[in-house]
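Reviewing the structure listed below.
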Amino acid sequence: MKRWLLCALLCLFTTFSAISPIRAEDNASDRETLGLYYEPHDLEIAVATRSPRPLSHSAENITVITADDIERLNAHTLAEVLNTVAGVQVDLRGAPSIGATFELAGATSRHILVLIDGVTINDQLDNIAFTGQIPVQNIERVEIVKGPASSAWGSALGGVVNVVTKEPQKGSRFGGAAYFSGGERGTRDGRGELSGTMGSLGYYLAGGNLRGDGFRPFNASERSDLYAKLRWDIPENRGTVRLTLNYQKIGVEEGLFTWRDATSRLTNRQLFSTLSLDYALSDRLTLSGTLKGSRLDYNRNESLISTGEPSAFISNDEITVGGATLLTWRQGLHTVTGGVEYDHGKSDTSVSYPAWPDYNSAFSVRNDKWGLFLNDTIVWGPFALTPAVRYDLTSATGDHFSPSIGAAYSLTDKTILRAFAAKGYSLPRLRPEFRTPEKGWSIQGGLETSEIPFLWLRGTWFRSTAEDPTDRTVREGVEVEARTVPLFNTWLTAGYVFTDATSRSTNTEIPGVARDRWDLGLHYDDRTIRGALTGHYAWWNTPGDWGGKYKNFIWDLNLGWRLYRDRTTETEIFFTGHNLFNGRQYPDETFINPSRWFEGGLRITW
């Protein structure tokens, strides 16, 4: 291990050992800060340091989406949820569950780590995650870090999307929900969940099926999923043991690729499982451990449009096993989290061309990853400092050191200043021709305030670099979000993100990056009737030969009417109009966005 890494770790431990015995003041005042605009549980997040801390102590640019937010959107997949977040640009390519790429302030899918229950969803071969494949029924909240998060998670140069799943319902042996929606082009989504607690054992089960005929030729899709969680509460409130199982299968026709006389169908199966322990060793020390395993089975069949004959077959089989252990120590001013994790992955790929067998190929890759991380959250009155380091050793791409430091300062009880600097990296595609990781630095600064009556504002400036042996890219810009307090059950939301992404080797703008992004929303909720009119606009500034069209806002309308409600049961009918004004917004004519379409359905909870 490098000397400077040992020095950094020693400095942190030295700081930790010299801490004052005076415990930081209770976080009640932090919870009150900006609490007018957030529910209390939204104010505590874990994604930044891997241990819960108040959002007001986070120097990173973080957005939290809750299960209630997802329900108001009538969303089907994680991609649809991300598409509503300022700074996140999703290239929706058709009906729900169709594959969709996404960006975080110019950082592409390959630079963004997606987690469910702490398990990486990104595949090993291309290091990307299919967010259009992830159902939303089992999601309790989504935590989004915009910017490098490598000091906590390793390969996460562009950020992290952390999906936290629902816990078994307490206080009842049998609760649940049922959901059904139907819409144009054969779109239908059926889901259900059961949840309860018996003694010390809790259970949560969710499953569903989503399918549609698609909104352009050869664009049908079908997804099935099953999720299960068992939780055992250790006596005397010492902790919990959780077992999870997560299975998804999707079949997608990706459309017509007329420029190469081809159409393709993708079949993707994913299985994830975790066994985790959270245990309080003392009042100040908590032990957490996780064993995890996953399997990805991916097959792509391509056919010629002109003759219908098969033209290519690509298969990929991946297996990953690993685990993580971490300790969290709360003492005085400090909350220190340190741990180690290990992953062993292997990926076997074959490519065959029936008409050109000489070009057939097959290759296997292996990657063992060790990660050691340590971070601290030091809170002194209104000031919070978060130094962090992580060292990764990978068999495929060598070692990586990822430091970060951030600060948050509560200027008043309604205003927080934030600054953050971090070094990060992203694992490359593990294909033989792409084995060079990218690394870079990012600095951010921002302000969040509710000093202006009836208005919440957050602004962030960012500058991020990414480099490999062939190029160095720079992304910089600003992000602004605003939201009013509810007045007569009505509130407004707005967001704007400007991103300037350039290649320093060619001194030109990087095509395909959303340069301007606008989000507008009008919301209403009187606990019986709810509605949201939301609009999204992106300017990609792509080359003319891409055939992109993006001069229109895309407006969606979500309505709901709660027909019945008592202490334990609620019934709601809902309606969604997608792309109300038939706008066109896509950077590449190969993947045009769906035109106007409608759906409606019924949701029952008990």
Side-chain angles (χ1 to χ4, degrees), residues 38-39 41-42 64-81 83-84 95-97 134-142 163-172 174-184 186-196 204-212 223 225 227 483 486-493 521-534 555-580 596-606:
Y38 289 98
E39 295 295 330
H41 63 271
D42 297 336
V64 178
I65 303 295
T66 67
D68 289 340
D69 296 329
I70 294 171
E71 187 174 297
R72 277 193 286 268
L73 293 171
N74 295 337
H76 301 278
T77 70
L78 178 61
E80 295 173 69
V81 175
N83 195 41
T84 65
S97 81
I134 300 173
V136 297
Q137 185 67 40
N138 61 350
I139 295 178
E140 178 61 34
R141 69 178 187 275
V142 183
V163 174
V164 180
T165 57
K166 293 178 179 176
E167 289 292 319
Q169 178 176 305
K170 288 191 173 182
S172 170
F174 184 74
Y179 171 104
F180 175 79
S181 71
E184 295 182 68
T187 304
R188 64 172 187 260
D189 187 3
R191 310 178 218 152
E193 63 180 35
L194 295 174
S195 181
Y204 175 81
L205 304 171
N209 177 266
L210 170 64
R211 61 159 298 166
R223 187 203 67 210
D225 59 84
Y227 182 88
R483 179 167 47 187
L487 186 63
F488 301 110
N489 303 312
T490 305
W491 67 99
L492 302 171
T493 57
L522 170 64
H523 308 264
Y524 177 84
D525 193 342
D526 66 5
R527 310 301 296 170
T528 299
I529 303 292
R530 63 174 175 83
L533 177 66
T534 57
W555 292 95
D556 298 326
L557 177 65
N558 290 290
L559 299 174
W561 179 23
R562 297 180 177 94
L563 297 172
Y564 174 79
R565 171 188 291 175
D566 64 14
R567 192 173 61 85
T568 59
T569 306
E570 182 175 298
T571 302
E572 182 191 56
I573 58 174
F574 57 88
F575 164 85
T576 298
H578 299 272
N579 194 3
L580 291 178
R596 179 175 49 239
W597 67 287
F598 301 99
E599 64 176 333
L602 174 69
R603 180 186 293 112
I604 303 172
T605 59
W606 65 89

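Everything numeric in this text was worked out from a predicted model, so none of it was measured. Basis for what follows: all heavy atoms, side chains included, without hydrogens, waters or symmetry-related copies.
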From N579 atom CG to W555 atom CH2, the distance as rounded to the nearest 0.5 Å
12.0 Å
Quick one: pull up CZ in R223 and CG in L210 and give me the separation to the nearest 0.5 Å.
5.0 Å
Can you name the side-chain hydrogen bond (donor to acceptor under 3.5 Å, both in side chains) partners of T165, sequence neighbours left out?
D117, Y227, K229
Would you say that W561 contacts T528 through its side chain, given a criterion of any heavy-atom pair below 4.5 Å between the two side chains?
yes
Residues in side chain to side chain contact (heavy atoms under 4.5 Å, CB included) contact with T493, at least two apart in sequence or another chain
R483, W491, H523
Run I134 and T77 through side-chain contact (heavy atoms from CB on, under 4.5 Å) and show every step you take.
CA-CA 6 Å; I134 300 173; T77 70; over 6 Å; no
Atom pair CG (D225) and CG (N138), whose distance is rounded to the nearest 0.5 Å
7.5 Å
Under the side chain to side chain contact (heavy atoms under 4.5 Å, CB included) test, residues paired with F488 that sit two or more places apart
none
V136 meets the side chain to side chain contact (heavy atoms under 4.5 Å, CB included) criterion, sequence neighbours left out, with I70, V81, I139, R191
Can you sort out the partners of E184 under salt bridge (Lys or Arg N to Asp or Glu O under 4.0 Å), two or more places apart, ordered by chain and number?
none
So which atom in A206 and which in Q137 form the shortest heavy-atom distance, rounded to 0.1 Å?
CB-CG, 4.3 Å
Listing request: all salt bridge (Lys or Arg N to Asp or Glu O under 4.0 Å) pairs with a residue in residues 567-579, at least two apart in sequence or in separate chains.
R530-E572, R562-E570, R565-E570, E572-R603
Run the side-chain hydrogen bond (donor to acceptor under 3.5 Å, both in side chains) test against D556 and tell me which residues pass, sequence neighbours left out.
none
Show the nearest heavy-atom pair for residues D566 and T569, with the distance to one decimal.
OD1-N, 2.6 Å
Does any non-hydrogen side-chain atom of F174 lie less than 4.5 Å from one of L194?
yes
Any heavy-atom pair between the side chains of F574 and N558 that's under 4.5 Å?
no
Rounded to the nearest 0.5 Å, what's the gap from CD1 on I65 to CZ on R72? Could you check?
10.0 Å
Nearest-0.5 Å distance that lies between atom CG in L580 and atom CG in L557
5.5 Å
List for me each residue that meets side-chain hydrogen bond (donor to acceptor under 3.5 Å, both in side chains) alongside E71, sequence neighbours excluded, and say none if there are none.
none
Tell me every residue that passes side chain to side chain contact (heavy atoms under 4.5 Å, CB included) with S195, counting only those two or more places apart in sequence or in another chain.
P168, Q169, Y204
Separation of F180 CZ from N209 CG (nearest 0.5 Å)
10.0 Å
Just jot down the side-chain hydrogen bond (donor to acceptor under 3.5 Å, both in side chains) partners of N489, sequence neighbours excluded, or say none.
none
Hits for ring-ring contact (aromatic ring centres under 6.0 Å, His included) against F598, two or more places apart or cross-chain, chain-then-number order -> F575
Ignoring hydrogens and geometry beyond distance, is a side-chain donor-acceptor pair present between H578 and E80 at under 3.5 Å?
no
